[in-house]
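Since the structure comes first, as structure tokens, the remarks are kept for the end.
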2 protein chains.
Amino acid sequence: MKLLFVEDEPILVEEMNSYFSSQGFVCEQAISFSQAAQKIHNYRYDIVILDITLPDGTGMELISGIREKDIETGILILSAKNSLNDKIDSLNLGADDYLTKPFYIEELSARVNALYRRKILKGSQNIHFDAFTIEPFSKKLSYKKQEIGLTRKEFEMLMYFLVNKERVVSKSAIAEHLWGDHFDQQDNFDTVYVHMKNLRKKLSSASGKDYIRTVYGMGYKFSC
Amino acid sequence: MKLLFVEDEPILVEEMNSYFSSQGFVCEQAISFSQAAQKIHNYRYDIVILDITLPDGTGMELISGIREKDIETGILILSAKNSLNDKIDSLNLGADDYLTKPFYIEELSARVNALYRRKILKGSQNIHFDAFTIEPFSKKLSYKKQEIGLTRKEFEMLMYFLVNKERVVSKSAIAEHLWGDHFDQQDNFDTVYVHMKNLRKKLSSASGKDYIRTVYGMGYKFSC
DNA sequence: CTAATTCTAAAGAATTTCTAAAGATTTAGA
DNA sequence: TCTAAATCTTTAGAAATTCTTTAGAATTAG
């Protein structure tokens with residue numbers, strides 16, 4: 001469970017960091033909207049805690065930016081001024097909760113945990129890597145909210161890679177997983193090659209990155 | 001499970017020593033950064049407990065030194081001053097946990113054990129020798145975080161040596177292990193020689209050390 | 001029946017593995 | 001101690017294997 005703090009007061013950041021780290025959250029921080037935007041662009045966070053009063057621009061844009069990329073990220077707004085307008089605007093844009101400074105860390109924690117529980121309940125057994133989201137139930141892959149059509153074989157192949165992330169999987173293991181008994185050892189791997197190529201192409205042309213590496217003579221390895 | 005205490009207060013060292021020894025940890029100590037650096041260079045520790053306020057230099061360098069060598073070593077920082085900066089810096093550099101002096105030995109123990117559990121969970125079925133790490137599932141060899149590409153035959157040969165560390169293995173044993181039935185006694189060992197040479201070269205050009213000694217007329221012996 | 005998916009086949013690119021030969025080192029025996 | 005034989009190292013390139021890509025045929029699903 002990954003948190004991002006967007007906040008420029010180091011002491012507050014540190015306090016949140018240590019508090020949530022000790023609760024088992026993985027924490028990162030950004031001290032400006034631009035830095036936050038960059039981090040959000042490159043990674044995926046489960047909950048973003050966002051001080052909208054930062055000096056370098058409007059936090060509202062950041063909120064819509066997050067929502068554009070990924071509907072599942074929880075957004076919790078911090079605000080120094082108890083402004084009704086900010087509150088309404090940010091909730092309208094898609095924030096999930098709102099807290100006014102100053103606050104007790106325990107209250108923030110309660111709200112973050114509430115968000116966290118909601119996310120778990122909502123059945124977010126979705127799988128994420130970088131900015132990709134996989135919805136196993138509907139067999140859908142998307143990159144930053146944009147759906148990428150995968151065929152069934154491609155989807156199964158990707159799932160198998162994700163289960164075996166960072167491990168080398170042999171072609172026969174892949175074949176066995178995709179075709180079961182129907183796959184003969186005598187068969188050649190031509191069709192594996194073809195699906196591999198197509199899956200690679202779809203992943204890389206969406207993200208610009210390569211995820212599946214060939215380990216010559218041994219198999220393939222998925223990393224992210 | 002091997003611990004290293006980097007600490008210059010003899011009483012504290014003695015206390016930690018007896019406490020963790022009785023828990024089954026193997027303990028060593030260094031009373032300065034330079035001594036610690038030397039020990040870390042020569043051995044591999046599972047967890048390093050590091051007082052960053054030692055007088056002879058910056059502990060930050062030591063942290064990055066450890067991380068450069070081996071990503072899996074746990075690092076726990078002790079600090080006399082409750083300095084926020086030290087904490088942030090050291091955590092940023094790759095320390096795993098932080099504890100402020102003075103502390104109860106029980107709290108340190110709890111944190112060390114937490115680190116230990118995390119390490120076990122992380123699948124430490126990885127194999128280490130000197131600063132080399134082998135990840136059998138990802139078929140990866142690395143030296144101080146840097147990956148060394150091995151071909152399949154080289155990888156299998158290295159694994160065979162590690163299983164038979166400090167023993168003399170004959171060429172026919174190696175050949176049998178690498179080629180199974182396909183290897184004929186009538187065949188010559190030319191190809192074994194070639195793979196041996198290539199493996200040796202990769203190991204030595206990464207580390208500057210030779211690990212595989214020729215035992216004339218009998219075979220080869222791997223030591224580290 | 002149509003469209004999408006899956007598979008086949010073949011060319012060629014990339015990488016590893018093997019072969020062969022020359023040179024170096026070690027051992028054993030004179 | 002010297003020499004010949006045996007064993008090992010190294011090199012370079014040939015051969016074999018493994019992988020990528022393409023295009024189109026066969027199959028399947030809607």
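By convention in this document, chain letters (A, B, ...) are assigned in the order of the sequence lines, proteins followed by strands, and residues within each chain are numbered from 1. In this text, all values refer to a predicted model and were calculated from it rather than measured experimentally.
Of the charged side-chain nitrogens involved, at least one lies within less than 4.0 Å of a carboxylate oxygen, so that A:Arg213 and B:Glu147 count as a salt-bridged pair.
Atom pair A:Lys153:NZ and C:dA4:P shows a separation of 19 Å (rounding to whole Å applied). The separation between B:Leu178 atom CG and C:dT16 atom P is 15 Å, rounded to whole Å. For A:Tyr216 and D:dT20, the OH to P distance is 9 Å, given to the nearest whole Å. Atom NZ in B:Lys202 sits roughly 10 Å away from atom C1' in C:dT16 (whole-Å rounding). For the pair A:Asp190 CG and D:dA26 P, the interatomic distance rounds to 16 Å; values are reported in whole Å. Atom C1' of nucleotide C:dT15 and atom CG of B:Asn198 are separated by 13 Å, given to the nearest angstrom. Atom CZ of B:Arg152 is separated from atom C1' of C:dC18 by 14 Å (rounded to the nearest Å). Rounded to whole angstrom, the span from the CE atom of A:Met196 across to the P atom of C:dT8 amounts to 17 Å.
For the pair B:Lys171 and B:Phe189, the cation sits on the ring face: its NZ or CZ lies under 6.0 Å from the ring centre, inside 45° of the axis. A cation-pi arrangement is present between B:Lys2 and B:Tyr43 under the rule of less than 6.0 angstrom and at most 45 degrees off the ring axis.
Residue A:Thr151 places at least one side-chain N or O closer than 4.0 Å to OP1 or OP2 of C:dT6. Here B:Arg200 reaches the OP1 or OP2 of D:dT9: one of its side-chain N or O atoms lies under 4.0 Å away. Between B:Tyr193 and the phosphate of D:dC8, there is a side-chain N or O to OP1/OP2 separation shorter than 4.0 Å. Residue A:Thr214 has no polar side-chain atom (N or O) positioned under 4.0 Å from OP1 or OP2 of D:dT18. OP1 or OP2 of D:dC8 lies within a sub-4.0 Å distance of a side-chain N or O belonging to B:Lys171. The shortest distance between the side-chain N/O atoms of B:Trp179 and the OP1/OP2 oxygens of C:dT17 is not below 4.0 Å. Taking 4.0 angstrom as the limit, B:His195 places a side-chain polar atom (N or O) nearer than this to OP1 or OP2 of C:dC18.
Among the nucleotides D:dT21, D:dT18, D:dT11, the one closest to the side chain of A:Lys197 is D:dT21.
Between B:Leu203 and B:Phe132 there is a side-chain heavy-atom pair separated by less than 4.5 Å.
Of the options B:His195, B:Lys202, B:Arg200, a side chain to side chain donor-acceptor pair (under 3.5 Å) to B:Glu154 is made by B:Lys202 and by none of the others.
B:Phe155 comes within contact range of no nucleotide atom at all, as no heavy-atom separation falls under 4.0 Å.
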